[in-house]
Number of protein chains: 2
Amino acid sequence: MNIQEKRLAIAKMGFSDGFMKTLELSNSFRTSSLRKQCKPFIVNGKKVGILKPDVVDMMREDPDVHESCVELTKKVDKNFFTRTEAIDEILRKWKNHGCFNVALKGWRDEVYSISNSLHDDPLFEMERAGASLFGVIQRGVHINGYVNHPEKGICMWVATRSQNKQTFPGCLDQIVGGGLPAGLSVMECAIKESAEEASIDPSLVKQAIPTGAVSYIFNNEKGIYAEEEYVLDLLLPFDFKPINSDGEVEKFELLEIEKVALLVAEQKFTPSSAAVLLHFLVQHGFIDPDTERNYGEILRGLHSPIKFDDVL
Amino acid sequence: MNIQEKRLAIAKMGFSDGFMKTLELSNSFRTSSLRKQCKPFIVNGKKVGILKPDVVDMMREDPDVHESCVELTKKVDKNFFTRTEAIDEILRKWKNHGCFNVALKGWRDEVYSISNSLHDDPLFEMERAGASLFGVIQRGVHINGYVNHPEKGICMWVATRSQNKQTFPGCLDQIVGGGLPAGLSVMECAIKESAEEASIDPSLVKQAIPTGAVSYIFNNEKGIYAEEEYVLDLLLPFDFKPINSDGEVEKFELLEIEKVALLVAEQKFTPSSAAVLLHFLVQHGFIDPDTERNYGEILRGLHSPIKFDDVL
């Protein structure tokens, strides 16, 4: 079955409603009742995050840190180091007091660089587990690891997340995906995660092609996830078999692309992986403007602006 | 030179400012002073276009047609046929009286389907030359016709528009690009335009892969262009040579991808072709998140929402 036949086959499967449902979950914050109760988190005069009402309430208890619950004091909001230290102190205090336990029990001792644009100088750094409380942009890297099978056409390696994962245990994922820690480039992060999650050799990862990024905002019991995921496509050799080395993956399977599309439509993937896979399905022509009635809506859902002025 | 070396070479050329300038031109309406003076064009209760002040003034002279210069009368706004007829009459009258001559001298006797989403039932049809006066969404199809050269890597066929073209004479274009006329699918339009513009056999065009769409709104002396362009990537055989058969192309050249990137950064392409090429450069990894400092801005500029509620 060649790519055109595969595309038509997928089009006929009628995944449109499922794709839209999946995208709505990735973009759930926009239509959530929570949105209207949130306040912007302002650093250095810029909106850089979204504060839920319970976080605003907790901020009130630290008047040394903020001027109006949403803005840091002049003393704290001086430079990268003073901000980083103040936010770290607040998060550690909350954690020690057992506040926001659902989010903060996932403390990883790994920090994100916080800025509204990837190449801006970071305003501060923040423990990953706290990012959803402040609703700042969380960046990540996902790799679509696929194989061009002579009979089955494009097949993709899909990971089942370990039941021990702090977020989305048992859900499906790309072969490799992870947050972009402070100080690493997209490719450096891809190489690190590929080694940990799937034992892919760096020389192979370097052949991956960056094909864009997806962005969206969803919320769940842990907070608000404003995410920007950089996407890499990696054509893998037939004989490659991923092996997990950090215990975060339960199993890997090589699935035909229409099976992957079905699992996306059934919301079996994490919100990030689902968005990245829809991006792949569009870019490789498996979602077609002539047959997908929500083509424009899918594209818009994958490129939601996460400029906070547009959101709050 | 392999694709990674090519990507690094392009990254080092420092096209970022040029790319941003090109994108600003494609999205010029958002920042134009005209925007605040415009009114929505409302059909069947929905905003479906943008009316410039001079068009609103002219509408006033046809009180049988509108209720408030921006909304059609109940009699006219009844169904597809009544709307199509009323708009056609207005446009023909304006043309006969020499009004909006810059736009209407390009009358083609070819109509667009007007709707806010590709698969919505069209609200009415409208002569293409009038679309920029009513600021309705104009859809088109562009083909990136490229070759994978053994030494030079990815090269792309670039067309120089004829000096006789009504729009953007002498500018550069993809190998094939054109408006999506009422009644044709994206692939049917691609096949038709490929035959007319570059003599590409339909069996070859059918191998093209739809890779997404770009959207943006710009304005010029003819009016407001709210465009959504569906993109097809077509890998062409080495020995293929495009031949123009409708007189709209002055010449074709096969250029290395970094030369194409340079010409995009220098605003040598039409706004539509430039946006489609930036989309290609991103999707094929020639614009890289690690080296392009405006990566997120470029993605957002290529996927501007053209829902009129967000614009006006």
Side-chain angles (χ1 to χ4, degrees), chain A residues 2-4 7 11 16 115-120 137 139 141 180 184-190 206-215 228-233 278-307 310, chain B residues 2-4 7 11 16 115-120 137 139 141 180 184-190 206-215 228-233 278-307 310:
Chain A
N2 68 23
I3 190 165
Q4 287 87 352
R7 189 187 311 151
S16 192
S115 62
N116 280 353
S117 189
L118 175 65
H119 290 278
D120 285 355
I137 296 179
R139 298 191 173 84
V141 178
L180 181 64
L184 288 196
S185 70
V186 169
M187 184 48 86
E188 286 164 350
C189 176
K206 283 181 189 161
Q207 291 174 32
I209 294 175
T211 65
V214 291
S215 54
E228 185 158 77
E229 302 287 344
Y230 300 92
V231 186
L232 300 169
D233 278 6
L278 283 170
H279 177 79
F280 183 91
L281 292 168
V282 168
Q283 285 201 337
H284 290 262
F286 296 110
I287 294 179
D288 181 299
D290 283 331
T291 53
E292 172 49 61
R293 66 175 188 275
N294 292 306
Y295 197 73
E297 292 303 310
I298 289 174
L299 291 180
R300 275 182 280 280
L302 293 176
H303 296 96
S304 282
I306 46 177
K307 297 194 132 183
D310 300 334
Chain B
N2 67 24
I3 190 166
Q4 286 87 354
R7 189 187 312 151
S16 193
S115 62
N116 280 354
S117 190
L118 175 65
H119 290 277
D120 285 355
I137 297 179
R139 299 191 173 86
V141 178
L180 181 62
L184 287 195
S185 70
V186 169
M187 184 49 85
E188 287 164 350
C189 176
K206 283 181 190 160
Q207 291 175 32
I209 294 175
T211 65
V214 292
S215 53
E228 186 159 76
E229 301 286 344
Y230 300 92
V231 187
L232 299 170
D233 277 7
L278 283 169
H279 177 79
F280 183 91
L281 291 168
V282 167
Q283 286 202 335
H284 290 262
F286 296 110
I287 294 180
D288 182 299
D290 284 331
T291 53
E292 172 49 60
R293 65 176 190 275
N294 291 306
Y295 197 73
E297 292 302 312
I298 289 175
L299 291 180
R300 275 182 280 280
L302 293 177
H303 296 96
S304 282
I306 46 176
K307 297 193 131 182
D310 301 335

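Residue numbers begin at 1 in each chain, while the letters A, B, ... track the order of the sequences.
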Q | Nearest atoms (heavy-atom pairs only) where Gly212(B) meets Val282(A) | A |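 Scanning both residues, the minimum pair turns out to be CA-CG1, 3.7 Å.
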Q) Got a sec, which residues hit ring pair (Phe, Tyr, Trp, His ring centres under 6.0 Å) with His303(A), two or more places apart in sequence or on another chain? A)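 Partners of His303(A) by the ring pair (Phe, Tyr, Trp, His ring centres under 6.0 Å) criterion, ordered by chain and then number, come out as His303(B).
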(Q) My understanding is that only residues two or more places apart in sequence, or in another chain, count here; which of them pass ring pair (Phe, Tyr, Trp, His ring centres under 6.0 Å) with Phe286(A)? (A)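 Phe286(A) satisfies ring pair (Phe, Tyr, Trp, His ring centres under 6.0 Å) with no other residue.
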Q | Between Pro289(B), Gly296(B), Ser304(B), the one whose heavy-atom pairs under 4.5 Å with chain A are most numerous | A |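 Between Pro289(B), Gly296(B), Ser304(B), the count favours Pro289(B).
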Q) Between Asp233(B), Asp290(B), Leu281(B), which has the largest tally of heavy atom pairs under 4.5 Å with chain A? A)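 Heavy-atom pair counts peak at Asp290(B).
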Q) Between NE2 of His279(B) and CD of Gln283(A), what distance do you get to the nearest 0.5 Å? A)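 So the gap between those two atoms works out to 6.5 Å.
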**Q.** Leu118(B) side, atom CG; Asn294(A) side, atom CG - distance, nearest 0.5 Å
**A.**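 If we round to the nearest 0.5 Å, Leu118(B):CG and Asn294(A):CG are 10.5 Å apart.
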Q.
Please classify the contact between Arg293(A) and chain B as side chain, backbone, both or neither, with a heavy-atom cut-off of under 4.5 Å.
A.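 Both backbone and side chain of Arg293(A) come within 4.5 Å of chain B.
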Q: Measure from the side-chain N and O atoms of Tyr295(A) to the backbone N and O of Ser117(B), and report whether any donor-acceptor pair falls under 3.5 Å.
A: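 No, the answer is negative, given that no donor and acceptor are paired below the 3.5 Å cut-off.
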**Q.** chain A contact via Gln207(B) - which portion, at a heavy-atom distance below 4.5 Å
**A.**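 Both backbone and side chain.
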